[in-house]
Structure formats: structure tokens, C-alpha cells
**Q** 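This is the structure I want to talk about, given as C-alpha cells.
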Amino acid sequence: MKITLFSTLGCEQQTFDAVNLDHRHQLVYRSDRLDPDNAHFGKGSDGVCVTVNDQVDSDTIATLKASGCKVIVTRSIGYNQIDLAAAAQAGIPVARVPHYSPHSVSEFTVGLILSLTRKIHRAFLRSREFNFSIDGLTGTQLSDKTVGILGAGQIGGLVIKALSGFGCRLLYHDLQRHRELDNLATHCTISELARDADILVLNLPLTPETHHILNATTVPQLKPGALIINTGRGGLIDTRALVEGLKSGHLGGAAIDVYEDEANLFYNDRSTDVLQDDTFCRLLTFPNVIVTSHMAFLTDHALSDIATTALQAFSEFEQGKPLTTRIAASPG
């Protein structure tokens, strides 16, 4: 079947081509983001493959439907970018990639923690300018810290297991207690996590309940000097509240791989542009902030997992089989 992939990165294309040797679909790669204005570029395709930053709303789905699209697969765990009710009404099934190398994200998360606590990012920049002074680069030991993990699913659980080797005190909050973590971390309430965590790690999905879970009200409730690590979803943090917490000194720093308004920023070269997002630009001015471009997943292992699961969904649809990774339509 013919499949158009939107928001395609060069590294993805190579992997999809390799995995597709077993599926033999006709793949059309587009680097542009899917939205209502360019959904017509999917014309003639039996299905489209999207990412978390594509805009798959009712207008987009209507155009895709009129263009012949019969199935949508998002090559991501999250799917809040897709209007599932509109897709169901259009008779278009939607599938996702529910799992892909959680080790990739958990390892990157630990890397951000180490970079922030030991100021590795600042030392690297100094060395590039032949400045080998170590004044101002005094770090802190993880073994002295209490780390709180908000969300202990596959990724959060692996973060806990990795950090357990550093000797730090580990707390986590999740909707359920995970008995397999009992000897490594303590399950606690969100308020206890906010009160005690020197480092707060966000590994939550983005839902209406978790949207802006860190905001102007909750940020001041965090332990003074707390570090924020977010490899979950950008919308978990109200960026303005984060900036205010950093400006006031209440927060000790942040390392974020995701940003709530990243869609028109990340995966693009904006080095010669005048950025209009004042909040994001202010965030980049802090020496105690690390921003990476939604790349925690980016390993060869994860890319292979994503391509394999996504193309398998299209093959199942083509063969008339139930979609193993189909997303249930929203009740509304």
C-alpha cells in the first residue's frame, strides 16, 4: 500500500527503508508537518504516518479522508495530537507505537541529570573556546540527593533502576504502587514528592489531568533549589511558570528535552531566524538550563522499533487483520 510519512527526519527514512524490505509498501517521505493546509499532500495514499507534533485535527482528517486515506498510524507513544472522535466518525482507524526502547529515553534522562548536576554542558562550551578554568563549575553528588520520579511506567521504572546505583534516595508517585520497585524507591504522594525531591523527573504521558502539572501554583510548592528534568511531554510544564521559578531562584535549574510549543521549533534549523517565542528565548538565557530537541528516543534501537511497529500496523490493515496497536476511539 502507498503510505505518506509526514514530519520525516533523515535518520528515520534510512531505518524505514530498511525495515520496509520485509513489508514492500510504497513509502513517500515528507519533511513538512501535517496540518489542515497541507493534508492534501497525502492524496493518493492509502494511509499516513504522523508524529506527535503533527496536527491531526478534524479539518486535517476530513482532507485526508477526501484524499483517500484509510488508516492513520502515529509513530509515537502519545496520541493527543489526533482527534480520535473525528477519525472514528470518518471511519479511519488509528494505531500507534506503544513501546519503543524505553531504555533509550531512560538513559538520556540520567544523562541530563548528570549534565545538569555536574555542569558538563557549561564545561563543554568553555573548552570549545579554550577556556579551561573550573571556577563556577562546582557540582553536586547524586548520592547526596533525593530524586523524585513523577510517573513510574516503563521509562520511569528504568530511571529508578539506573539511579539506584548512584546511592541517592529515590521517591516516586504513580497511580499505582509498583511492588517490583519496593526495594529501590518509596511510593509517595505528589505533595511528599514536591516537598522532599531535590531533583524532580517528569515521565508522565500528556493528558487533560497532567497538562501543566507544573504551573504557577505548583512550582512554588517544590523544594527550594529543586532541579526539573522533563523527558516526558512539553505540555507537562507551564513554561512561563518555569521561567519565573528560575528567575526568582526558587528553582535550581532545569533540563528539558520537550517543550510545549516545540512543533515549529524542534527538528528545524532556526539558527538564522529571529525567534518570536519570547518565553522560549528567555529560557535559553539561563546558565543552569539545558534544552535538547526532543531527542531522548533517538537511538538506532528505538528507530528500528518504531519503524517495525508502524509498518506492521499498515501491513495488518492491508491484510484485513485487526490492528494490534489500534487506539480506541474517544468516547466523545
**Q** When you compare the side chains of Asp54 and Ser7, does any donor N or O come within less than 3.5 Å of an acceptor on the partner?
**A**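 Per modelled atom types, Asp54 and Ser7 side chains form a pair under 3.5 Å.
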**Q** When you check the side-chain N and O atoms of Thr218 and Asn215, is any donor under 3.5 Å from an acceptor?
**A** yes
**Q** Considering only distance and modelled atom types, tabulate donor-acceptor pairs under 3.5 Å from the side chains of residues 198-207, sequence neighbours left out.
**A**
unit_1	atom_1	unit_2	atom_2	d
Asp198	OD1	Lys223	NZ	2.8
Asp198	OD2	Thr146	N	2.8
Asn203	ND2	Thr231	OG1	3.2
Thr207	OG1	Glu209	N	3.3
Thr207	OG1	Glu209	OE1	3.2
Thr207	OG1	Thr210	N	3.2
Thr207	OG1	Thr210	OG1	3.3

**Q** Quick one: do Leu181 and Leu158 end up in the same hydrophobic cluster if we chain Ile, Leu, Val, Met, Phe, Trp and Tyr together by side-chain heavy atoms under 4.5 Å apart?
**A** no
**Q** For Asp57 and Gln55, which I'm curious about, is there any donor-acceptor pair between the side chains at under 3.5 Å?
**A**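 Looking only at side-chain atoms, Gln55 and Asp57 do form a donor-acceptor pair, the distance falling under 3.5 Å.
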**Q** In terms of ring plane angle, is the pair His25 and His23 parallel, tilted or perpendicular, where the classes change at 30° and 60°?
**A**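 Plane angle under 30°, so parallel.
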**Q** Under a 4.5 Å cut-off applied to non-hydrogen side-chain atoms, are Phe266 and Val291 in contact?
**A**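 When only atoms from C-beta onward are counted, Val291 and Phe266 do touch, with a gap below 4.5 Å.
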**Q** Hydrophobic cluster membership, with links at side-chain heavy-atom distances under 4.5 Å among I/L/V/M/F/W/Y: are Phe108 and Ile229 in one?
**A**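 Yes; tracing contacts between hydrophobic side chains, which count when under 4.5 Å, links both residues.
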**Q** Taking atom CG of Leu171 and atom CD1 of Ile160, what is their separation to the nearest 0.5 Å?
**A** 9.0 Å
**Q** Is it the case that atom NE2 in His212 sees more than 12 heavy atoms from other parts of the structure closer than 6.0 Å?
**A** yes
**Q** Under 4.5 Å between side-chain heavy atoms, counting indirect links through other Ile/Leu/Val/Met/Phe/Trp/Tyr residues: same cluster for Val71 and Tyr79 or not?
**A**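 Unlinked, Val71 and Tyr79 end up in two clusters.
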**Q** Using only heavy-atom distances, determine whether the side chains of Thr285 and Arg282 contain a donor-acceptor pair under 3.5 Å.
**A** yes
**Q** Determine whether Arg233 and Ile77 satisfy the following criterion, side chain to side chain contact (heavy atoms under 4.5 Å, CB included), listing intermediate values before the conclusion.
**A** CA-CA 11 Å; Arg233 297 295 299 278; Ile77 297 173; over 6 Å; no
**Q** Mind listing the side-chain donor-acceptor pairs of residues 242-259 below 3.5 Å, one per line with the distance, residues two or more places apart or on another chain?
**A**
unit_1	atom_1	unit_2	atom_2	d
Ser248	OG	Glu244	O	3.2
Ser248	OG	Gly245	O	3.1
Ser248	OG	His250	N	3.2
His250	NE2	Val219	O	3.4
His250	NE2	Pro220	O	3.3
His250	NE2	Leu222	O	2.8
Asp257	OD1	Thr292	OG1	2.6
Asp257	OD1	His294	N	3.1
Asp257	OD1	Met295	N	2.8
Asp257	OD2	Met295	N	3.0
Asp257	OD2	Ala296	N	2.9
Tyr259	OH	Asp277	OD1	3.1
Tyr259	OH	Asp277	OD2	2.5

**Q** Identify whether the distance between the nearest side-chain nitrogen and carboxylate oxygen of Arg326 and Glu316 falls below 4.0 Å.
**A**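 A salt bridge is absent here (no side-chain N lies under 4.0 Å from a carboxylate O).
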**Q** Side-chain donor-acceptor pair under 3.5 Å between Thr239 and Glu260, yes or no?
**A** yes
**Q** Could you label the plane-to-plane angle of the Tyr29 and Phe16 rings as parallel, tilted or perpendicular, counting under 30° as parallel and over 60° as perpendicular?
**A**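 Answer is perpendicular, since the angle exceeds 60°.
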**Q** According to a 4.5 Å side-chain heavy-atom criterion applied to Ile, Leu, Val, Met, Phe, Trp and Tyr, with indirect links allowed, do Ile237 and Val52 form part of one hydrophobic cluster?
**A** no
